[in-house]
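So that the names make sense, note that chain A is the first sequence line, chain B the second, and so on, each numbered from 1.
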2 protein chains.
Amino acid sequence: MPASHGLRRRHALLLASAALAAPRVARAQGADPLPSWRDGPRRRALLDFVAAVTTEGGPDFVPPGARIATFDNDGCLWVEQPIYTQFIFAFDRIRELAPQHPEWQQDPLLRAAIAGDIAGASAQGVEGLLRLAGVAQAGNSPEEFQRIATQWLASARDPKWGRPYTSLIYQPMLEVLSFLRSKGFTTFIVSGGGVEFVRTFSAETYGIPPHQVVGSSFALTPGEQDGRITLTREPKVDFVDDGPGKPVGIARHIGQRPIAAFGNSDGDYQMLRYATEGPGRRFGMLVHHDDAAREYAYDRDSHTGRLAKAMEEAPRRGWQLVSMREDWSRVFP
Amino acid sequence: MPASHGLRRRHALLLASAALAAPRVARAQGADPLPSWRDGPRRRALLDFVAAVTTEGGPDFVPPGARIATFDNDGCLWVEQPIYTQFIFAFDRIRELAPQHPEWQQDPLLRAAIAGDIAGASAQGVEGLLRLAGVAQAGNSPEEFQRIATQWLASARDPKWGRPYTSLIYQPMLEVLSFLRSKGFTTFIVSGGGVEFVRTFSAETYGIPPHQVVGSSFALTPGEQDGRITLTREPKVDFVDDGPGKPVGIARHIGQRPIAAFGNSDGDYQMLRYATEGPGRRFGMLVHHDDAAREYAYDRDSHTGRLAKAMEEAPRRGWQLVSMREDWSRVFP
């Protein structure tokens, strides 16, 4: 069996097991679909919204085909501090490849990444991350990239918790995903991160298949080698799915306006507006990281996952501002 | 209820009814999932493939999450002669708007479209069509475009049959879609046509939700007006999902290599190769339009849906070349 065949089968098995895992969560929840959410206005607002749009004959009923819910990934479904996980992946990869690329020392961003200078390497924000990620994996096929990212995710550990990054996901948000799916919603990730990176773990980790992940992307060049069609990832970002790009990514990829959107930073501001400015009953939710004891506490002064404008406007836009400290009885699975 | 709300609800109801319709087809088929396919090598090859990849423990088993099947639309799922339907839509729209745009007479392609000169207006192929479509609908939001296209599809009639274009779909291919879905496949349209156009009818017509449609696209510009997020369709094609673009569109949008692909023209050649060059058991099928009595007969000399290279290479690549005349006991529902 060629390696790529083995990878495909392994990946496919993960997808299948993820598909099976989702109902198990729902069943285990029994009467309470959100056991990790403390009773309070945020939890009640979500339950009320779902009841309203799924009550046939009710004034707010939305048929299943239009029950579209979108979720940011970094800081909404998994930990994004001290820097975005994809950044750490890119740093590790760049350090691994640096000896073969002495010319990288000429580039301040690359030099910072090689030196492990997080502040310097992240100074250009999401676009800088994507450029580093592009440089680190340029010339690969999507399947080769998937293999590299899957291997990294299996072996890398977050230094604070000593656990794989894919276990640093928010149990209350997993419950929201399962709950919405059990109510006929189709759940999407709409991430500023690279779409191919998020797709390597979305099915196994969140029960969201690769085609329901929208994200930033690199140019792909089609070609042919050894009598086979090839696709080559270029070190050129061709779409940034962040901020004003999120409604564009949603319109292009999903083709329907979400009726519910979940985020945690100003990068999700336009997505939440796009979802909640549509007609009929809508729902917007922001996770506020105010829990230094169990996770992190940050908002308007954070370089990663800055939350200011969206938080200020949340009350008048009717968005639910979740307090991680007050609303979540547990953080991780 | 604002008009856009009504449209959203109507669209959503269509999606819901489409979702319900699919199992009804499968149930009605009883023991034979492909009643409009005559017994023969093409039908048997499809049944054998599906049996092989769905037999647990078998050497070719593929878990449901990796059962990805992609279908071209024009000429594979619905009629594409004498010209692509989206072309006719663009012509009608351009004629409607022409009095407000005297400058269009300066452009040979637009002038041909206004004059109803099909040969002149289609001389630049898919890219020309997309440019005409872009000009005809530039400045709209995706939701406004959806409304215009939905209205047109409801009222326009194909002159040969006097029927709506969405009824000129191939019953045998509807059966393939339903059959594959009943076997755990996820079915996608991968069309050279504009993704937003195909999405207006894919759910109702094929049971394929908007987010499972990949297609060519126009640039979308985000903005703000009257305190609301806007998206504006620009008259600029930013992705051509045809020929070598189809594997790119698949990798970007679906994120998995299909294990089965269905097409009918050289525009599908790369998609069929991309699918069937993957490891493990694979399936490629081309619909050959050889039925002048019931539909049309065309291949290598046709401007629309040209089929030459893909047909020549079909035998050595193991692709099934379907004879519409011999293999299909009926053409339309």
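A/S217 pairs by the side-chain hydrogen bond (donor to acceptor under 3.5 Å, both in side chains) definition with A/D238, not counting sequence neighbours. With sequence neighbours excluded, the residues that form a salt bridge (Lys or Arg N to Asp or Glu O under 4.0 Å) with B/E312 are B/R300.
Residues of residues 240-248 of chain B that come within less than 4.5 angstrom of chain A, heavy atom to heavy atom, are B/P244, B/P247, B/V248 in numerical order. Using a 4.5 Å cut-off between non-hydrogen atoms, the part of residues 218-230 of chain A that approaches chain B consists of A/L220, A/P222, A/E224, A/G227, A/R228, A/I229.
Between A/H253 and B/H253, the ring planes lie parallel to each other; the angle is under 30°, not in the 30° to 60° tilted range.
Under the 4.5 Å side-chain criterion, counting only non-hydrogen atoms from C-beta, A/H211 is in contact with B/F188.
Note that the CZ atom of B/R252 and the CZ atom of A/R252 stand 7.0 Å from one another [nearest 0.5 Å].
Contact annotation for B/R67: neither backbone nor side-chain heavy atoms come within less than 4.5 Å of a heavy atom of chain A. Neither the backbone nor the side chain of A/E196 comes within contact range of chain B; no heavy atoms are under 4.5 Å apart. In this structure, the portions of B/E277 lying under 4.5 Å from any heavy atom of chain A include both its backbone and its side chain.
Closest of all the heavy-atom pairs between A/P142 and B/A251 is CG-CB, 4.4 Å.
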